[in-house]
Amino acid sequence: MARKKIALIGAGNIGGTLAHLAAQKELGDVVLFDIVEGVPQGKALDLSQCGPVEGFDASVIGTNDYADIAGADVVIVTAGVARKPGMSRDDLLGINLKVMKSVGEGIKQYAPDAFVICITNPLDAMVWALREFSGLPHSKVVGMAGVLDSARFSTFLAWEFGVSVRDVSSFVLGGHGDTMVPVVEYSTVKGIPVPDLIKMGKSTQERIDAIVKRTANGGGEIVALLGTGSAYYAPATSAIAMAQSYLGDQKRVLPCAAYLEGQYGVDGLYVGVPVVIGKDGVEQVIEIALDEKAKAGLQVSIDAVKELLVACKAIDGSLA
Ligand code: A3D
């Protein structure tokens, strides 16, 4: 059986980390694309030379030509600019929208059967625009945010309770921005909901509220520490989990920015919700019952995504 092909559009911090993980895990042969000449080729050469040491069988090539992504099974998009300290994700909109147009056209021409995972910010608007420009089915274009946001929430919860991260399961809904909604009621330690753990005296509401706030600002905290660039290890790992679920038809339940057609009362927007990812892409959107507070939080988040789409349509008339 031929090896799968993984195309990575954008060979920056996340793109390079994705290439390393994809090769190491032997997800398939890797094509690293960027508009900057030399960078994808240099990173690909460096990564190829990890092969003999790590013992992986995957070819890694770098390119500036979309034709090289032809027939890709999975395309992961990180092309664009990342945040600098003091910038919000939304500040990236104008620049990254143009990038999504060229990337979408490249995917449409060379990899129309791929499962596409968008990471470029502002995520919920960029994944929508990428889908519009590529013309792929909505079920085959998805945004990575919830897996990362939940991983951040789970990390902080594991630290708070002094337990293994493997026993923590947490939930973040909504847009990938300051309005995201970490859902405490659906977050558990080995099945025990966090509110019950508070009742058991393992933490306090105030401490959990602070963790929820820290999760929503999780990306900003790292941007401020790094001084230049934004998080890339955990974002790359999160997208790889989504790619693995698709390639292996694992049907994992993962929070992702998915296209909603009536679910959660939303129509025609990409919003972070739990979905099942398998061989057909997004195979199910899971609608969970939310209390009034979470519902209100989700609505604020949905309204923020709507505003971004209005801005996209104002910038690029072909999207209106
Ligand atoms: P960075 O290291 O700057 O890499 C971006 C790469 O994109 C650079 O190598 C650029 O040369 C390349 N590029 C620019 N324009 C194009 C183009 N038209 N076609 C192809 N390549 C192009 O950034 P990064 O890897 O750290 O981050 C990439 C994106 O992910 C940014 O928009 C971040 O804001 C975003 N991001 C999202 C999350 C989410 O959870 C959604 C997390 C972290 C970062």
Side-chain angles (χ1 to χ4, degrees), residues 7-21 31-44 62-66 68-69 75-85 87-107 110 117-130 133-134 142-153 172 174-178 180 215-223 225-242 254-257 270-272 305 308:
L8 307 172
I9 313 296
N13 282 336
I14 303 179
T17 311
L18 284 167
H20 195 186
L21 288 170
V31 177
L32 196 51
F33 174 98
D34 205 287
I35 46 164
V36 178
E37 285 178 23
V39 168
Q41 291 83 354
K43 288 197 179 183
T63 183
N64 308 110
D65 183 353
Y66 271 110
D68 289 324
I69 75 161
V75 178
I76 308 180
V77 179
T78 61
V81 291
R83 281 197 285 172
K84 296 182 180 64
M87 281 174 95
S88 79
R89 293 177 180 90
D90 301 356
D91 293 334
L92 307 173
L93 188 97
I95 307 167
N96 287 349
L97 185 62
K98 284 201 193 83
V99 174
M100 290 306 104
K101 189 166 196 159
S102 62
V103 175
E105 286 164 358
I107 293 172
Y110 293 106
I117 302 169
C118 181
I119 305 186
T120 301
N121 271 321
L123 191 268
D124 308 276
M126 293 303 102
V127 63
W128 173 83
L130 184 65
F133 291 131
S134 67
V142 67
M144 187 298 293
V147 177
L148 171 65
D149 297 328
S150 304
R152 287 177 173 154
F153 194 20
V172 178
H176 179 62
D178 307 334
M180 71 180 74
T215 301
N217 184 44
E221 185 178 357
I222 293 173
V223 168
L225 287 167
L226 293 178
T228 167
S230 54
Y232 50 99
Y233 295 113
T237 304
S238 302
I240 291 289
M242 292 163 66
L254 298 169
C256 301
Y270 273 86
V271 177
V305 176
L308 287 178

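Atoms within each ligand, like the ligands themselves, are counted from 1 in listed order. Nothing fancy with the numbering, it's 1 onward along the sequence.
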Which ligand 1 atoms does Val36 reach within 4.0 Å, using its non-hydrogen atoms?
->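 With Val36 as reference, the close atoms of ligand 1 come out as 11 (O).
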
Tyr66 side chain reached by Ile9 side chain, heavy atoms, under 4.5 Å =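 Contact flag for Ile9/Tyr66 side chains = yes.
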
May I ask whether Gly219 places a heavy atom under 4.0 Å from ligand 1?
->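 In this structure, Gly219 fails to qualify as a contact of ligand 1 - no heavy atom is under 4.0 Å.
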
Short question: side chain of Lys43, backbone of Gly12 - any donor-acceptor pair under 3.5 Å?
->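 Side chain of Lys43 to backbone of Gly12: a pair is present.
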
Check: Ser230 and Ile222 side chains under 4.5 Å, non-hydrogen atoms =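 Answer no - side chains too far apart.
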
For ligand 1, which atoms have a heavy atom of Met144 less than 4.0 angstrom away?
->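 Answer, ordered by atom number: 39 (C), 40 (O), 41 (C).
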
Which residue owns the protein heavy atom closest to atom 2 (O) of ligand 1, what's the atom, and how far is it?
->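 Of the protein heavy atoms, Asn13 N, 2.8 Å lies nearest.
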
What is the nearest protein non-hydrogen atom to atom 4 (O) of ligand 1, stated with its residue, atom name and distance?
->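 Among all protein heavy atoms, the one nearest atom 4 (O) of ligand 1 is Gly12 CA, 3.2 Å.
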
Does any N or O atom in Tyr66 lie less than 3.5 angstrom from one in ligand 1, N or O only?
->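 No; the residue has no nitrogen or oxygen that sits under 3.5 Å from a nitrogen or oxygen of the ligand.
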
Distance filter under 4.0 Å to Leu123 heavy atoms, resulting ligand 1 atoms |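 Those qualifying, in numeric order: 41 (C).
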
Quick check: does Ile14 get an N/O under 3.5 Å from an N/O on ligand 1?
->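 Checking ligand 1 against Ile14, an N or O pair does fall under 3.5 Å apart.
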
Short N or O distance, Gly80 and ligand 1, threshold 3.5 Å exclusive |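 Yes - when backbone and side-chain N and O of Gly80 are compared with those of ligand 1, one distance drops under 3.5 Å.
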
Could a heavy atom of Ser230 be found less than 4.0 Å from some atom of ligand 1?
->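 Judged by the 4.0 Å heavy-atom criterion, Ser230 does count as contacting ligand 1.
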
Hey, does the side chain of Ser150 reach the backbone of Val147 with a donor-acceptor pair shorter than 3.5 angstrom?
->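 Side chain of Ser150 to backbone of Val147, a donor-acceptor pair under 3.5 Å: no, none is there.
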
Judged by atom type as modelled, is there a donor-acceptor pair below 3.5 Å linking the side chain of Asp149 to the main-chain atoms of Ala216?
->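 Such a contact is absent between Asp149 side chain and Ala216 backbone.
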
The one among Asn64, Asp34, Ile95 that brings a heavy atom closest to atom 9 (O) of ligand 1 |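 When every heavy atom of Asn64, Asp34, Ile95 is considered, Asp34 comes closest to atom 9 (O) of ligand 1.
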
Between Ile76 and Met242, is any pair of side-chain heavy atoms under 4.5 Å apart?
->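 Of all side-chain heavy-atom pairs linking Met242 with Ile76, none is under 4.5 Å.
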
Please name the residue in the list Asn64, Thr63, Asp34 that meets the side chain to side chain donor-acceptor pair (under 3.5 Å) test with Gln41.
->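 Result: among Asn64, Thr63, Asp34, Asn64 is the only option passing the side chain to side chain donor-acceptor pair (under 3.5 Å) with Gln41.
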
Quick one: which of Leu92, Thr17, Ile35, Val81 has a heavy atom closest to atom 32 (O) of ligand 1?
->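 Residue with the shortest heavy-atom distance to the ligand atom: Val81.
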
Any idea which atoms of ligand 1 are less than 4.0 Å away from a heavy-atom of Pro235?
->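 Answer for ligand 1: 42 (C), 43 (C).
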
Element-labelled atoms of ligand 1 that are located less than 4.0 Å from some non-hydrogen atom of Asn96 |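 It comes down to these atoms of ligand 1: 32 (O).
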
Look only at interatomic distance and state if Tyr232 has a nitrogen or oxygen under 3.5 Å from any nitrogen or oxygen of ligand 1.
->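 It does not: no N or O of Tyr232 is found under 3.5 Å from an N or O of ligand 1.
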
Is there side-chain contact between Met126 and Val103, with at least one heavy-atom pair below 4.5 Å?
->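 No, side chains not in contact.
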
Which of the atoms of ligand 1 are close to Ser102, meaning less than 4.0 Å from one of its heavy atoms?
->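 Checking each atom against Ser102, I get 18 (N).
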
Over 12 non-hydrogen atoms of neighbours within 6.0 angstrom of CD in Glu221 |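 Atom CD in Glu221 is crowded, with more than 12 foreign heavy atoms closer than 6.0 Å.
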
Thr120 (side chain) donor-acceptor with Ala79 (main chain) under 3.5 angstrom |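 Flag set: sc Thr120 to bb Ala79 pair under 3.5 Å.
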
So is Val39 close enough to ligand 1, meaning a heavy atom under 4.0 angstrom away?
->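 It does not, in that no heavy atom of Val39 comes within the 4.0 Å cut-off of ligand 1.
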
